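Note sheet for the following structure.
Owing to the predicted nature of the structure, the values given are computational and were not obtained by experimental measurement.
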Amino acid sequence: MEGIFFQLIAFGIVYKMYQAVYVERLAWFLFAILFIPDHFPLFSVAISSRFFIFSLMCIFLLKNYDNLLKKIKSFPLKFSWGAILIGFIITSIADDRLRQDVIKIILWGGGLFLDNFLVVFLCYHLIKTFDDLIRAYKIILLFFGVLSIYGIYNIVTRDNFYMSVFTTIYGVRDFAEVYMSGMDGRFRISSFTWHPIYYGFVLGMGILMSMLLLIILKLQARSKRIYQWILLGIIVNILFVNSRTPFFSLLGGLFIFLVLGLDLQKKLRFTFFALGLLSILLTSVPKFAEFVNDSLDTFSSKGSKLEGSSVEMRNRQLDAALFIFSRNPITGNGIDYIVQNLGFASEAENRVSDNDFAGFESYLYKMLIEQGLIGIISQTLFILSIVIYLVSHAIRSKSTIRKQFAILNLAMLCCFLLFIFGTGDLGTFKIYFSILGINLKGLESLKMKEQAMSSQNAAILVV
């Protein structure tokens with residue numbers, strides 16, 4: 001009965017997306033990504049929350065099919081973005097397991113692109129102006145507020161009934177319960193998401209998004225207080241995620257924003273606030289101090305007592321991945337090869353993959369084994385095109401807001417890359433590239449504003 005209830009909710013969200021336009025449609029879409037766990041089969045074995053991505057794509061194409069080509073042409077990263085799709089299709093064509101079956105090739109290669117990269121294009125076109133972006137940010141951060149409140153409930157009660165219901169209905173492992181039980185020596189929360197490490201990345205994005213509303217823009221005092229409280233809730237939650245990779249990924253992103261995005265006065269203020277907060281946590285929360293020390297020990301010769309990867313383990317994983325990579329270095333061994341052929345499973349007790357692979361704790365291993373040089377080169381070009389695009393906005397900007405926002409996006413990219421190469425993707429592509437799509441349109445809108453103002457000024461001078 002509960003399964004039908006969740007299916008009805010899913011259809012309700014899709015219907016609301018169909019009815020809504022632009023920011024409202026985007027809000028419903030992000031609601032689905034944030035509050036409906038990604039790996040649960042809501043409708044069948046093959047259809048999970050990917051259903052929402054596909055539904056949004058269909059809505060977008062059906063309601064705007066006449067302008068589709070124009071929209072693709074206007075997308076600033078269209079060539080490198082399209083190269084990823086071509087790379088996935090080539091990998092699927094070369095996959096012996098698919099036996100040149102055109103339908104399977106499209107479903108596998110196209111499905112991977114659909115699941116991970118299509119959202120950047122869709123979300124780009126759901127924002128029209130920078131004011132739309134601000135409105136979208138405010139809505140999304142309110143969602144983060146709800147996530148944080150439920151996360152605090154997890155902390156206080158040590159219970160996550162939401163995930164318990166989901167996992168019971170769909171017969172999958174309850175990672176929320178597993179990690180809250182302290183099975184790896186740490187109590188970790190996940191709120192409405194399926195896994196605490198993934199939740200840590202989501203929270204990191206929330207903190208970086210808060211920088212736009214609380215530092216770059218000047219909000220009214222009342223509105224600012226709301227988002228300050230939300231930021232505080234996010235910070236409390238990320239401390240109880242108790243995971244190294246989200247923590248250090250966020251620090252990397254914040255460092256980029258601090259060094260490149262703030263003037264000297266704000267740098268000093270931000271630094272003193274961060275150092276003050278860190279000092280309070282280290283001195284008054286023994287568990288946090290212990291966590292930081294053990295995390296730093298990961299990079300030392302003695303290693304860390306925390307369960308998870310170490311430098312030695314990463315070296316073994318890389319050697320094992322390179323061995324499999326050498327079998328098909330150009331096109332890779334094919335999508336889902338790690339699960340289907342090497343026997344990897346999320347649950348350690350169900351794995352038949354070689355122990356040297358451990359938990360495949362880096363997206364690099366997936367690219368090496370499954371996608372080969374084709375996938376590595378195409379995705380590297382895409383990331384480089386994002387960097388070049390953002391740097392060009394920061395350099396050519398005539399307004400402080402556009403420059404700082406471009407640098408904030410570099411910080412988000414840094415956080416994303418550190419995370420996926422530090423611990424694997426864990427479904428983070430959808431949330432990161434959704435936010436990136438919104439931000440790209442925001443930068444384009446700010447650029448057009450500057451150009452319009454320059455034209456007006458030039459016209460005044462001519463007159």
Side-chain angles (χ1 to χ4, degrees), residues 1-10 12-13 30-42 48-49 140-207 229-247 250 281 284-291 294 306-308 345-350 359 423 426-428 431:
M1 190 69 185
E2 292 91 345
I4 296 174
F5 175 71
F6 283 120
Q7 289 174 1
L8 290 174
I9 291 176
I13 292 172
L30 266 296
F31 178 88
I33 288 181
L34 289 172
F35 291 96
I36 297 185
D38 185 54
H39 69 308
F40 295 149
L42 290 177
S48 62
S49 65
I140 295 166
L141 284 171
L142 288 175
F143 291 161
F144 276 100
V146 176
L147 286 170
S148 299
I149 291 170
Y150 187 60
I152 292 171
Y153 170 85
N154 295 164
I155 296 166
V156 173
T157 64
R158 293 182 174 251
D159 174 63
N160 193 330
F161 64 86
Y162 179 80
M163 293 305 301
S164 296
V165 171
F166 254 106
T167 52
T168 301
I169 292 170
Y170 299 109
V172 294
R173 189 172 188 181
D174 188 350
F175 284 101
E177 177 61 32
V178 168
Y179 283 100
M180 279 199 299
S181 69
M183 53 82 71
D184 62 348
R186 288 172 281 173
F187 171 75
R188 306 206 241 185
I189 64 168
S190 57
S191 189
F192 289 99
T193 68
W194 73 282
H195 198 287
I197 302 177
Y198 167 77
Y199 184 47
F201 173 78
V202 172
L203 292 171
M205 286 291 103
I207 290 173
W229 279 107
I230 289 174
L231 176 60
L232 179 61
I234 294 173
I235 292 172
V236 170
N237 273 247
I238 203 168
L239 292 175
F240 280 89
V241 162
N242 220 344
S243 183
R244 286 163 289 180
T245 310
F247 181 70
L250 173 61
L281 291 171
S284 61
V285 186
K287 283 286 186 183
F288 180 73
E290 182 183 350
F291 166 73
D294 287 332
L306 291 176
E307 183 177 296
S346 299
E347 300 85 356
E349 62 271 19
N350 295 333
T423 202
L426 298 179
T428 56
I431 186 68

Are the side chains of [Y] and [X] in contact, using a 4.5 Å heavy-atom criterion?
X: Ile13; Y: Phe31; value: yes
X: Val241; Y: Phe247; value: no
X: Val146; Y: Leu34; value: no
X: Phe166; Y: Trp194; value: no
X: Ile431; Y: Leu30; value: yes

Evaluation steps, side-chain contact (heavy atoms from CB on, under 4.5 Å), between Tyr179 and Asn242:
CA-CA 10 Å; Tyr179 283 100; Asn242 220 344; over 6 Å; no
With rounding to the nearest 0.5 angstrom, report the [atom1] to [atom2] distance, [X] to [Y].
X: Ile235; Y: Ser148; atom1: CD1; atom2: OG; result: 10.0 Å
X: Glu177; Y: Asn160; atom1: CD; atom2: CG; result: 8.5 Å
X: Ile234; Y: Leu239; atom1: CD1; atom2: CG; result: 12.0 Å
X: Ile189; Y: Leu203; atom1: CD1; atom2: CG; result: 7.0 Å
X: Leu141; Y: Leu231; atom1: CG; atom2: CG; result: 9.0 Å
X: Ile197; Y: Arg244; atom1: CD1; atom2: CZ; result: 8.5 Å

Checking Asn237 now: which residues fulfil side chain to side chain donor-acceptor pair (under 3.5 Å) with it, not counting sequence neighbours?
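Asn237 satisfies side chain to side chain donor-acceptor pair (under 3.5 Å) with Tyr199 only.
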Once side chain to side chain donor-acceptor pair (under 3.5 Å) is applied, do any residues pair with Ser181, and if so which ones, sequence neighbours excluded?
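Expected list: none.
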By side chain to side chain contact (heavy atoms under 4.5 Å, CB included) - contacts of Tyr153 (at least two apart):
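So Tyr153 forms a side chain to side chain contact (heavy atoms under 4.5 Å, CB included) with Tyr150, Thr157, Asp159, Phe161.
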With sequence neighbours left out, write down each residue that passes side chain to side chain contact (heavy atoms under 4.5 Å, CB included) with Thr245, or none if nothing qualifies.
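Side chain to side chain contact (heavy atoms under 4.5 Å, CB included) check on Thr245 returns Ser249, Phe419, Thr423.
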Given side-chain contact (heavy atoms from CB on, under 4.5 Å), test Thr428 with Val202 step by step and report yes or no.
CA-CA 8 Å; Thr428 56; Val202 172; over 6 Å; no
Phe240/Arg188 under side-chain contact (heavy atoms from CB on, under 4.5 Å): CA gap, chis, key distance, verdict:
CA-CA 6 Å; Phe240 280 89; Arg188 306 206 241 185; over 6 Å; no
Using the rule given for side-chain contact (heavy atoms from CB on, under 4.5 Å), can you reason through Met163 versus Phe175, listing the C-alpha separation, both sets of side-chain angles and the distance that settles it, and then say yes or no?
CA-CA 8 Å; Met163 293 305 301; Phe175 284 101; over 6 Å; no
Polar side-chain atom of Ser191 near backbone of Leu147 as donor-acceptor pair, under 3.5 Å:
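Checked: pair present.
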Using a cut-off of 6.0 Å, state whether more than 12 heavy atoms not belonging to Phe144 lie near its atom CZ.
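More than 12 within 6.0 Å, yes.
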